[in-house]
**Student:** 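The structure's right below; bear with me while I get my questions together.
What you see below is based on every heavy atom in this structure, not just the backbone, and it leaves out hydrogens, waters and symmetry mates. Quick note on labels: first sequence line is chain A, next is B, and so on, each numbered from 1.
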Number of protein chains: 2
Amino acid sequence: MDNDLKDALIKKGISPSYHRLKIYEYLWENRTHPTADDIYNAIIKQIPTLSKTTIYNTLKTLGEKGLVSSITIEDNEVRYDADIAFHGHFKCTRCGALYDIDPEHIMLDKKNNVGKKILGHLVTEKQVYYKGICKKCQH
Amino acid sequence: MDNDLKDALIKKGISPSYHRLKIYEYLWENRTHPTADDIYNAIIKQIPTLSKTTIYNTLKTLGEKGLVSSITIEDNEVRYDADIAFHGHFKCTRCGALYDIDPEHIMLDKKNNVGKKILGHLVTEKQVYYKGICKKCQH
DNA sequence: ATCATTGCAAACACTTTGCATACGC
DNA sequence: GCGTATGCAAAGTGTTTGCAATGAT
């Protein structure tokens, strides 16, 4: 399992250092759309010398190579996701949780239009998100 | 025309100070999705004593009262829009321009689902955006 | 020995906060 | 004159940068 992730890094030309592997592993196992800070606070327990810089460097590298996607909904926080298949998001404005939303639930075409043109503009990325009050917070 | 905007502020319970009116007027006339800084740099010419704080205060007030919507695509900049009808956006990663995209072009339902529930979550806001290379930058 | 990775501290950009001043009714 | 709006400066937050130290082959 660890080796699968390691191989994924190698396949993309990223040398699989211990730190990078741990960060990618964390994102792979925690589908909670963590921020850079969340990831840092989780992994520092296992790697006490870890620095934020390494988190940022690694997330940037993984992002550039297409292994993770980044989600910006609030201006003050970027969240990261190892699920790179197209899907929407729902952000609860009360508790802050971020949920995944399948394309079929948002009446979108399942394809994300990436590689196509809209009004003449070439699309390389698509994001759909909702805000509101999540299921748990409605009571 | 100025009076229409003034009345819109009054109707929402916002006292129409000169500064607030100028900021709202700027957003109304410039559908370029400016940042707080863009607005500041534009209006400082007419009101030399203007401060950024007033820009932020005003944008917050207008946003809370539903007169402008804010768009977050890049983590480091919030853009503002006096067009509060639902529509998508396209951000050019080369030149940075932000274009409006009509709902019909993005194969979405025209309704924005606001007030409805998705997977049990109550939706209060929906945003759709694309990134890519815009028409002008493709040559 | 060489090159890449990591870590620290400082720099940065945008936004918010606290409080004093000025304005409008 | 009183309450609100404004402005300044400082603090805060998340991220990036420069460079030195460390690690791997």
Side-chain angles (χ1 to χ4, degrees), chain A residues 5-6 9-10 12-27 33-65 67-80 91 96 98, chain B residues 5-6 9-10 12-27 33-65 67-80 91 96 98:
Chain A
L5 299 182
K6 196 171 179 174
L9 293 180
I10 294 166
K12 295 286 184 174
I14 304 167
S15 68
S17 74
Y18 182 64
H19 290 182
R20 297 214 260 236
L21 204 49
K22 278 290 170 199
I23 292 166
Y24 188 40
E25 188 184 296
Y26 181 81
L27 276 167
H33 313 89
T35 62
D37 204 54
D38 294 335
I39 300 168
Y40 175 78
N41 289 320
I43 303 183
I44 191 84
K45 292 163 193 162
Q46 295 169 62
I47 313 175
T49 63
L50 182 71
S51 84
K52 280 261 187 79
T53 307
T54 300
I55 301 284
Y56 284 114
N57 286 342
T58 300
L59 289 172
K60 193 183 173 200
T61 304
L62 294 176
E64 283 169 356
K65 302 292 182 174
L67 287 174
V68 307
S69 65
S70 58
I71 306 148
T72 307
I73 294 185
E74 303 297 333
D75 57 304
N76 59 340
E77 56 174 31
V78 183
R79 287 156 168 272
Y80 295 87
K91 161 114 187 181
L98 192 59
Chain B
L5 299 181
K6 197 171 178 175
L9 293 181
I10 294 168
K12 295 285 184 176
I14 304 167
S15 67
S17 74
Y18 182 65
H19 290 183
R20 296 215 260 237
L21 204 49
K22 277 290 170 200
I23 291 167
Y24 188 39
E25 187 184 296
Y26 181 80
L27 277 167
H33 313 89
T35 61
D37 205 54
D38 293 334
I39 300 167
Y40 175 77
N41 289 321
I43 303 184
I44 191 85
K45 293 165 193 161
Q46 295 168 63
I47 314 176
T49 63
L50 182 70
S51 85
K52 279 260 187 80
T53 307
T54 300
I55 301 284
Y56 285 115
N57 286 340
T58 300
L59 289 172
K60 193 182 172 198
T61 304
L62 293 176
E64 282 168 359
K65 301 292 182 174
L67 286 174
V68 307
S69 65
S70 58
I71 307 148
T72 308
I73 293 185
E74 303 298 333
D75 57 304
N76 59 341
E77 58 175 29
V78 184
R79 286 155 169 271
Y80 295 88
K91 162 112 186 182
L98 191 58

**Student:** Measure from CD on A/Glu74 to P on D/dT13 and round the result to the nearest Å.
**Tutor:** 16 Å

**Student:** For nucleotides 20-25 of chain C, tabulate all protein N/O to nucleotide N/O atom pairs closer than 3.5 Å, reporting atom names and distance.
**Tutor:**
none

**Student:** State the CG-CD1 distance between B/Leu98 and B/Ile73, to the nearest 0.5 angstrom.
**Tutor:** 4.5 Å

**Student:** Rounded to whole Å, please give me the gap between CZ in A/Arg79 and C1' in D/dT15.
**Tutor:** 17 Å

**Student:** Between A/Val78 and A/Leu59, is a side-chain contact (heavy atoms from CB on, under 4.5 Å) present by the stated rule, with each step listed?
**Tutor:** CA-CA 11 Å; A/Val78 183; A/Leu59 289 172; over 6 Å; no

**Student:** Return the minimal non-hydrogen interatomic distance between A/Arg79 and A/His33, and the atom names on each side.
**Tutor:** NH1-O, 2.9 Å

**Student:** Going by heavy atoms closer than 4.0 Å, what residues in residues 42-56 of chain A are next to DNA chain C?
**Tutor:** A/Thr49, A/Leu50, A/Ser51, A/Thr53, A/Thr54

**Student:** Evaluate the criterion side-chain contact (heavy atoms from CB on, under 4.5 Å) for residue pair A/Tyr24 and A/Thr58; output intermediate values, then yes/no.
**Tutor:** CA-CA 9 Å; A/Tyr24 188 40; A/Thr58 300; over 6 Å; no

**Student:** Any protein N or O atoms within reach of nucleotides 1-5 of chain C? Criterion: under 3.5 Å, listing atom names and distances.
**Tutor:**
| unit_1 | atom_1 | unit_2 | atom_2 | d |
| --- | --- | --- | --- | --- |
| C/dT5 | OP1 | A/Ser15 | OG | 2.9 |
| C/dT5 | OP1 | A/Arg20 | NH2 | 2.2 |
| C/dT5 | O5' | A/Arg20 | NH2 | 3.4 |

**Student:** Expressed in angstrom and rounded to an integer, what is the separation of A/Asn57 atom CG from C/dC8 atom P?
**Tutor:** 13 Å

**Student:** What is the minimum heavy-atom distance between A/Ile47 and A/His19, and which atoms define it?
**Tutor:** CG2-NE2, 3.4 Å

**Student:** For A/Ser15, what residues pass the side chain to side chain contact (heavy atoms under 4.5 Å, CB included) criterion, not counting sequence neighbours?
**Tutor:** A/Arg20

**Student:** Side chains of A/Asn57 and A/Thr54: do they bring a donor and an acceptor to under 3.5 Å?
**Tutor:** no

**Student:** Between D/dG14 atom C1' and A/Ile71 atom CD1, what is the distance in whole Å?
**Tutor:** 17 Å

**Student:** Please enumerate all protein N or O atoms sitting under 3.5 Å from an N or O of nucleotides 23-25 of chain D, with distances to 0.1 Å.
**Tutor:**
none

**Student:** Mind checking whether B/Glu74 and A/Thr72 have side chains closer than 4.5 Å, heavy atoms only?
**Tutor:** no

**Student:** With the side chain counted from C-beta on, respond yes when B/Leu62 and B/Leu9 share a heavy-atom pair under 4.5 Å apart, and no when they do not.
**Tutor:** yes

**Student:** I need the minimum non-hydrogen distance between B/Pro16 and B/Lys6, along with the two atoms involved.
**Tutor:** CB-CG, 3.8 Å

**Student:** Could you tell me how far apart A/Ile39 (CD1) and D/dT15 (P) are, to the nearest whole angstrom?
**Tutor:** 10 Å

**Student:** Taking all atoms of both residues into account, what is the closest heavy-atom pair of A/Leu50 and A/Tyr40, and its distance?
**Tutor:** O-CE1, 3.5 Å

**Student:** Should B/Lys52 and B/Asp37 be marked as a side-chain contact (heavy atoms from CB on, under 4.5 Å) after you check the CA-CA gap, both sets of side-chain angles, and the distance that decides it?
**Tutor:** CA-CA 8 Å; B/Lys52 279 260 187 80; B/Asp37 205 54; 2.8 Å; yes

**Student:** For the pair made of CG in A/Leu59 and P in D/dG14, what is the distance, rounded to whole Å?
**Tutor:** 15 Å

**Student:** Not counting sequence neighbours, which residues clear side chain to side chain donor-acceptor pair (under 3.5 Å) with B/Ser70? List them please.
**Tutor:** none

**Student:** Find the distance B/Leu21:CG to D/dA5:P and express it as a whole number of Å.
**Tutor:** 14 Å

**Student:** When the distance from CG of A/Asp37 to P of D/dT15 is rounded to whole Å, what number comes out?
**Tutor:** 8 Å

